[in-house]
Amino acid sequence: MLMPKKVKHRKWQKGRSRGMASRGTTLAFGAYGLKAEGTSWISSRQIEAARRAIIRTARKGGKVWVRIFPDKPVTQKGTEVPMGGGKGALDHYVFPVTPGRILFELDGVEEDIARHALRLGAHKLPIAARFVRREH
């Protein structure tokens, strides 16, 4: 699973996701992509599940680019722990997605296969995402 080697601060505050994505909104590597339609935190497990689904469907000849990397630490307190006692321990890492962000790119396969593969990958994610293709 994806996770940073080192972070500047071990625990972050939640923050707020507002507005549209300003970076990573256009296809940079592949001919087809998966674009986020909503706002959510995507965990490293969800990214890995979507990546596997896309690769399995694209088979040989297809190349996949993952355009997001989970670097935001999320903490969780243990079960049945009373309130108070400070912030919980680090649990997992997420990537905060805003609408318009390209999540995955795919190249080297025909459009119908790419559309099917990216649709299966989108089912593994907690947000709505749509298929986009490069304009020639």
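Residue numbers run from 1 in the order of the sequence given. These numbers were taken from a predicted model, which means no experiment stands behind them.
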(message) Centroid separation under 6.0 Å, is that true for the rings of F131 and Y32?
(response) yes
Could you tell me whether a side-chain N or O of [X] sits under 3.5 Å from a main-chain N or O of [Y], the two making a donor and an acceptor?
X	Y	value
Q46	P126	no
K11	G88	yes
R101	T25	no
K77	G86	yes
Q76	D91	no

Student check: side-chain heavy atoms of [X] and [Y] closer than 4.5 Å:
X	Y	answer
L34	I102	no
M3	S44	no
K63	F29	no
K14	W41	yes
H92	R45	no
I54	L120	no
I127	T39	no
T75	W12	no

Heavy atoms only: give me the nearest [X]-[Y] pair and the separation to one decimal.
X	Y	answer
P4	D71	CG-CA, 4.1 Å
V109	G62	CG1-CA, 3.8 Å
G24	R67	CA-NH2, 3.7 Å
P99	G19	CD-O, 3.6 Å
G30	L27	O-CB, 4.0 Å
A117	A58	CB-N, 4.3 Å

(message) Which residues pass the ring-ring contact (aromatic ring centres under 6.0 Å, His included) test with Y93, not counting sequence neighbours?
(response) none
(request) Kindly write out the residues that satisfy ring-ring contact (aromatic ring centres under 6.0 Å, His included) with F104, not counting sequence neighbours, or none if the list is empty. (result) none
Cluster question for you: counting only ILVMFWY and a side-chain heavy-atom cut-off of under 4.5 Å, with indirect links fine, are [X] and [Y] together?
X	Y	value
V74	I42	no
L125	I55	yes
L2	V64	yes

(request) Any chance you could measure R130, atom CZ, to R115, atom CZ, to the nearest 0.5 Å? (result) 11.0 Å
(request) Supply the atom-to-atom distance L118 CG to L103 CG, rounded to the nearest 0.5 angstrom. (result) 10.0 Å
(request) Report the C-alpha separation of S43 and V94 in whole Å, then their side-chain angles, then the decisive distance to 0.1 Å, and conclude whether the side-chain contact (heavy atoms from CB on, under 4.5 Å) test is met. (result) CA-CA 4 Å; S43 72; V94 297; 4.2 Å; yes
(request) Salt-bridge test for E48 and R51: reply yes if a basic N is under 4.0 Å from a carboxylate O, no otherwise. (result) yes
(message) Within a 6.0 Å radius of atom CD on E110, are there more than 12 heavy atoms belonging to other residues, nucleotides or ligands?
(response) no
(message) Tell me if the NZ atom of K72 is crowded by more than 12 foreign heavy atoms within 6.0 Å.
(response) yes
